[in-house]
Amino acid sequence: DGPEGDARLLVGDLLSVSVDFLIVGFVLFLVVRTINKFKHVEPPPAPTEKACPQCLEKVKLEAKRCKFCTSELAAA
């Protein structure tokens, strides 16, 4: 019949495998995206410090006077 090792390009088979690959890839994309939507994201912790308006050093929120430049701070 034909020579041994006859290579044929079957366009229908190639197209079928390509479509199957795209469908599986798209479904996996949707599954991963859906899982990521439902992940619980914790809010960032509340700040415990603020910047002094004079020297920009970090001081505790409850502080009434900056320990670095001794300027009075506004109430939080």
Side-chain angles (χ1 to χ4, degrees):
D1 294 83
E4 194 164 324
D6 186 18
R8 298 182 310 181
L9 180 61
L10 303 174
V11 176
D13 289 342
L14 178 64
L15 186 62
S16 174
V17 170
S18 299
V19 169
D20 289 345
F21 176 77
L22 290 175
I23 291 171
V24 170
F26 183 68
V27 168
L28 284 176
F29 166 75
L30 291 177
V31 167
V32 170
R33 189 176 73 172
T34 304
I35 289 172
N36 285 337
K37 272 187 185 178
F38 291 113
K39 281 187 178 178
H40 179 66
V41 178
E42 297 201 16
T48 59
E49 297 180 330
K50 61 183 175 183
C52 171
Q54 299 296 319
C55 65
L56 299 178
E57 290 289 335
K58 297 284 184 187
V59 293
K60 295 201 182 275
L61 283 176
E62 300 85 20
K64 295 181 179 167
R65 191 173 286 274
C66 177
K67 69 179 181 179
F68 299 101
C69 68
T70 67
S71 65
E72 288 192 34
L73 301 173

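Values in this document were obtained by computation on a predicted structure and should not be read as measured data. Values reported hereafter were calculated over all heavy atoms of this structure, with side chains retained and with hydrogens, waters and symmetry mates removed.
Leu15 CG to Asp20 CG: the interatomic distance, rounded to the nearest 0.5 Å, is 9.5 Å. Atoms OG1 and CD, from Thr48 and Glu62 in turn, are 8.0 Å apart once rounded to the nearest 0.5 Å. The line from CD of Gln54 to CD of Glu72 is 11.0 Å long, rounded to the nearest 0.5 Å. Rounded to the nearest 0.5 Å, atoms OG (Ser16) and CG (Leu10) are 11.5 Å apart.
The two residues Glu57 and Phe68 come nearest to each other via the heavy atoms CB-CD1, 3.3 Å. In plain terms, the two heavy atoms of Cys52 and Leu73 that are nearest each other are SG-CD2, 4.0 Å. Residues Pro47 and Leu61 share a closest heavy-atom pair of O-CD1, 3.1 Å. For the residue pair Ala63 and Lys50, the shortest heavy atom distance occurs at O-NZ, 3.9 Å.
Listed for the Ser18 side chain is a donor-acceptor partner under 3.5 Å among the backbone atoms of Leu14. With Arg65 contributing its side chain and Thr70 its backbone, the two residues share a donor-acceptor pair below 3.5 Å.
With contacts defined as side-chain heavy-atom distances shorter than 4.5 Å, the pair Cys55/Ser71 does not qualify.
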